[in-house]
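Each remark here refers to the structure printed beneath this line.
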Amino acid sequence: VCSFRSQNYNDLDERQILNAKAYYQKSPINKRYGITLSEPERIYPLSFITYLSRFLLVHDPECQAWWYTQATGIPPKSTQEDVNRIRLEQFGKFAASVEVGLIDFDGDDGVRLLLEQLVKRYADVSLEDSSSGKVPFTSGSSSSSTTSTLSSKQQQQKLRKKKEALRQIALMFSLLKEYQPVDLITQLLAAYDDATIDKVIITDVGAGYLPPEYNPVPKVTFSDPPTLGTVFGGSVAKGNVIMKESGRLLKIDVIDGGSGYVKAPIVEISLPNSTSVESFQATAKAYLGKGKSRGNIERIEIVNHGMGYMSTSDVTVAISPPETLDGKEATAKAILEYQIAGVDIIDPGSGYAAERPIQIVIESPPGRGGSSRPATAISYPRGRSTSYKSFLPSGESEADMTQTSSNWVIGPTSSQLLTLLPSGFGLEFDTSLKRYILTTATSDDFNAFGTLEGVNFKPINPIFGIRGRSPIEKEKSLDASTVLRFMASGAVCSSVAHLILTPIDVVKTKVQTKPDTYKGGIVDTFKKVLNEEGARTFFDGWEPTFLGFFISGGVAFFLTEFFRRYYSSLIVTSMMAQSLLTEPGATALVSSLEIPLISASAATSGLLCCFLLAPFDAIRIRTVSQPDFADNIVGVVSRMVKEEGFLSLFSSVTAWILKEVPYNVVKFLVFDTFTEWAYSTYPAASEDIRLSLAVSLVGGTFGGIAASIVSNPADCIVSEMKKTKSDMSPWEAADVLRQRGGLKAFSSGLTLRMIFYSLLVSLQFLLYDAVRIALGVGSDDMKLYLNVLGAALKEVSDA
């Protein structure tokens, strides 16, 4: 097929490896701009994208190096089923990266540019260069400086690969429909086939042609070969028409109009000299002149042209004599109609495409009304080869040349991902669609004769692989600007969400600190607080709440991102340092540990943030539980420090750790588990900003409910410690709760916390995603994708 054996990739330096840092670029895929991964599919169908991916893996050394390097990431004990799955996933990511690169080749001009750059890169020729005057794919045509150092066999092998690259590019672009560059494909096929015209098929012999002795022989015009005027060369075919009698009379010429006719005479034409059953006698009618030509026969028109007349000398035209005695009998001569019998080729030309029949233009007959029509003809050029024949001998490919079309229709396995369409698959020009279609021939005759005349074709719609949901990506490095924007996103989302939900938090705190006072349900408790303390009470302690979560939120969300990256990098470097895994294998391991890594990162972040949150929460609880403790937040802090000491603000850190670490772990664990499930079940959600935010909202709700349940006991302990001046430790506070209400005391306010945290976490993640996107540090902004296509075409695009 077309799967070249791999070279020694250890010889490639870092610049030649596709994973090189320079090839990772900011992805154009971004929900903020409404650009999705499937954007190029308006022009390029998935069959084209996946086949282009195969083409690059076969023809591009850097892409091959990447592919074989990825094999080192497959676990040694993997089953064949596992290997197929992993390889297909790797191919899917590669194809997705190729699709992202196609965004730069938009519209008709983009399609044409892509084809031209592929040809220039992999066939080493230009569709626009006409300066060399050389025909490509001959031993002296290569422009490479290394050609002179290659043996004759190596040169031929190199030329065959170039020509096969042209064939594959032509097959690939036939997969396009609306934007198919028909003229450029024809040009590629012509360069590949270098077909000539050795026969013309008359599809309509025409009517109304005069005999050669009466009129110049009609001219025949062959269309220019697609390669004319390009580096491919090519010459126009030439030929002369061959004419013969049609058996019908074309017209009757009046030789002598006679005189003395009073009425139109009878015209009688002799019987045809053919004995064929299809023969019949022609009939005609005479018309007298007027004025000065009165009494003369002005013209004779044929009523029925007859059939079976083979020679003018055998046809007689008898005209009845005039009625007057001094009149003169008129005479006339029959002229036979000629038709086009064929075209004699005097120069076969060169540079035609065997896949596209040539319409031959034959000069129209002299105008004779509706009875005349021009002849039409077609030619099937005969090439040195056709697109149905691979240029690579079986010894140069890894795949089996005997694969049938069913292998391609059913779909590829991992072992077939480095194969291209073999002999037996090629292009047919569909005259109704006016574009090429990919077909398989039902006969091998075209291989022997180089022409598609008389060959039956079967259109196919092959499957070339999958396109993954995301390209090959790596994370963008965190610089100072990015860090500040991450912190701003976390600060805004956390502080605003807590501020909005302060009334619920106030009521929850009152239930926990004064369980004997607030024994009713949620609604009754809200009413009681409103009636006894007024609406302003619902926002008691909003200042420490806002400030505390503004600071801790900014730090927490950034630290979670930082530690996730740090732990991921630590795993990769550790595995590689101990030679346990290669880089692809270690990277794959990290991808499989995404949820444990985010949980560990959230736990670390939560642990550190407890030291920031504890003092602010102590101030908030004191403000809510003792409204008369001080006039404002500054007064609360001053009095607490004066009466209880500065360290009293941090006395609940241990309880906070018991509360915040499980809270953070479960929050992120449930959120990430849900969103991963949602995006895998509904892939469209990852590409639409509204659906993406909706997923964040629902995931945050579930995460908040779960997190509130696991952290509620510690929250009750914190409230017990800080509702009044006290030196009790977290363990003493827990014992007080146990003695007062048993285990049930540790679930105090749980219903309110479930409501509070389901709303809080969903609001946090919703605001976090929205603010991140607005500040340019959304998930899409922080990804760099491997620009496979840009790397492959860099040489020609920079030229």
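These numbers come from a predicted model, not from an experiment. Heavy atoms only: backbone and side chains are in, while hydrogens, waters and symmetry mates are out.
Side-chain atoms of Q168 come within 3.5 Å of backbone atoms of L421 as a donor-acceptor pair (strictly under, hydrogens ignored). Remark: side-chain polar atoms of E355 are paired, donor with acceptor, to backbone N or O of S387 under 3.5 angstrom. Looking at D430, its side chain never comes within 3.5 Å of a backbone N or O of R435 through a donor-acceptor pair.
Nearest heavy atom pair, residue V236 against residue S223, reads CG1-O, 4.2 Å. Of all heavy-atom pairs spanning Y380 and P357, the tightest one is CE2-CG, 3.6 Å. The minimum heavy-atom distance linking S53 with I49 is given by the pair OG-O, 2.8 Å. Among all heavy-atom pairs drawn from A191 and K163, the shortest one is O-CE, 3.7 Å. The minimum heavy-atom distance between L175 and S47, with the atom names listed, is CD1-O, 3.7 Å. Across all their heavy atoms, V695 and A678 have their closest contact at CG1-CB, 4.0 Å.
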(message) Test side chain to side chain donor-acceptor pair (under 3.5 Å) on S350 and S235; report intermediate values, then the result.
(response) CA-CA 5 Å; S350 64; S235 60; 3.2 Å; yes
(message) Apply salt bridge (charged side-chain N to carboxylate O under 4.0 Å, His left out) to residues D82 and R87 and explain how you reach the verdict.
(response) CA-CA 8 Å; D82 292 334; R87 275 316 221 177; over 6 Å; no
(request) Kindly indicate, with the supporting measurements, whether the criterion side-chain contact (heavy atoms from CB on, under 4.5 Å) is fulfilled by E39 and L102. (result) CA-CA 9 Å; E39 182 75 15; L102 287 172; over 6 Å; no
(message) One pair to check against side-chain contact (heavy atoms from CB on, under 4.5 Å): I360 and I201. What are the steps and the verdict?
(response) CA-CA 9 Å; I360 310 300; I201 300 171; over 6 Å; no
(message) Under the criterion salt bridge (charged side-chain N to carboxylate O under 4.0 Å, His left out), I'd like the reasoning laid out for K783 against E475: C-alpha separation, chi angles, the key distance, then a yes or no.
(response) CA-CA 5 Å; K783 293 175 183 176; E475 291 178 319; over 6 Å; no
(message) Is there a salt bridge (charged side-chain N to carboxylate O under 4.0 Å, His left out) between D106 and R42? Walk through the geometry before answering.
(response) CA-CA 9 Å; D106 193 29; R42 296 181 297 104; 2.9 Å; yes
(request) In sequence, state the C-alpha distance, the side-chain angles, and the governing distance for V590 and V572, and then conclude on side-chain contact (heavy atoms from CB on, under 4.5 Å). (result) CA-CA 7 Å; V590 167; V572 172; 3.6 Å; yes
(request) Could you walk me through whether R85 and E89 pass the salt bridge (charged side-chain N to carboxylate O under 4.0 Å, His left out) test, one step at a time? (result) CA-CA 6 Å; R85 175 182 54 79; E89 289 175 356; 3.6 Å; yes
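Between F55 and H59, the ring planes lie parallel to each other; the angle is under 30°, not in the 30° to 60° tilted range. Between F173 and F48, the ring planes lie perpendicular to each other; the angle is over 60°, past the 30° to 60° tilted range.
A 4.5 Å side-chain heavy-atom check between Y388 and T440 finds every atom pair outside the cut-off. Within the 4.5 Å cutoff, the side chain of L438 has no heavy atoms near those of the P459 side chain. Side-chain contact between Q117 and R112: absent, with no pair of heavy atoms (C-beta onward) separated by less than 4.5 Å. Residues L789 and L52 have side chains in contact (heavy-atom distance under 4.5 Å, counting atoms from C-beta outward). Between V182 and K434, every side-chain heavy-atom pair lies at or beyond the 4.5 Å cut-off. For the pair L176/P181, a side-chain contact is recorded, criterion being any heavy-atom separation below 4.5 Å from C-beta on. Contact check for C63 versus F94: side-chain heavy atoms found under the 4.5 Å cut-off. Contact of the F425 side chain with the T439 side chain is not registered, since no non-hydrogen atoms from C-beta on lie closer than 4.5 Å.
In terms of the ring pair (Phe, Tyr, Trp, His ring centres under 6.0 Å) criterion, F222 has no residue partners (sequence neighbours excluded). A search for ring pair (Phe, Tyr, Trp, His ring centres under 6.0 Å) contacts involving Y179 returns nothing, not counting sequence neighbours. Scored by the side chain to side chain contact (heavy atoms under 4.5 Å, CB included) test, S592 finds L589 as partners (sequence neighbours excluded). With sequence neighbours excluded, no residue forms a salt bridge (Lys or Arg N to Asp or Glu O under 4.0 Å) with E428. With sequence neighbours excluded, no residue satisfies ring pair (Phe, Tyr, Trp, His ring centres under 6.0 Å) with Y785. With sequence neighbours left out, D104 forms a salt bridge (Lys or Arg N to Asp or Glu O under 4.0 Å) with no residue at all. Judged as a salt bridge (Lys or Arg N to Asp or Glu O under 4.0 Å), and not counting sequence neighbours, E594 has no contacts. Legend: residues meeting side-chain hydrogen bond (donor to acceptor under 3.5 Å, both in side chains) with T203, ordered by chain and number and at least two apart, are T376. With sequence neighbours left out, the salt bridge (Lys or Arg N to Asp or Glu O under 4.0 Å) criterion links R121 to D60. Residues meeting the side-chain hydrogen bond (donor to acceptor under 3.5 Å, both in side chains) test with K93, sequence neighbours left out: S470. Among residues two or more places apart in sequence or in another chain, the ring pair (Phe, Tyr, Trp, His ring centres under 6.0 Å) test is passed with F91 by none. Checked against side chain to side chain contact (heavy atoms under 4.5 Å, CB included), A170 has the following partners two or more places apart in sequence or in another chain: I185, L188, L189, L427.
L57 contributes atom CG, which lies 7.5 Å from atom CD of Q64 (distance to the nearest 0.5 angstrom). Rounded to the nearest 0.5 angstrom, R382 CZ and T386 OG1 are separated by 11.5 Å. How far CD1 of I598 is from CG of L593: 12.5 Å, rounded to the nearest 0.5 Å. In this structure, NZ in K476 is found 12.5 Å from CG in D780, a value given to the nearest 0.5 Å. Expressed to the nearest 0.5 Å, how far CG of L37 lies from OG of S97 amounts to 9.0 Å. Put simply, CZ on R469 and OG on S38 are 13.0 Å apart, with the number rounded to the nearest 0.5 Å.
A donor-acceptor pair shorter than 3.5 Å cannot be found between the side chains of S390 and S423. Looking only at atom types and distance, the side chain of T186 has a donor-acceptor partner in the side chain of Y436 under 3.5 Å away. Looking only at atom types and distance, the side chain of Y24 has no donor-acceptor partner in the side chain of E473 under 3.5 Å away. Between D183 and Q187, the side chains place no donor N or O within less than 3.5 Å of an acceptor N or O (distance only, hydrogens not considered).
Cation-pi geometry between R54 and F464 is not met: the NZ or CZ atom fails to fall both under 6.0 Å from the ring centre and inside 45° of the normal.
One finds a salt bridge joining E164 and R167 here, because a Lys/Arg side-chain nitrogen approaches an Asp/Glu carboxylate oxygen to under 4.0 Å. Checked for salt-bridge contact, E41 and R467 meet the test: a charged N lies under 4.0 Å from a carboxylate O.
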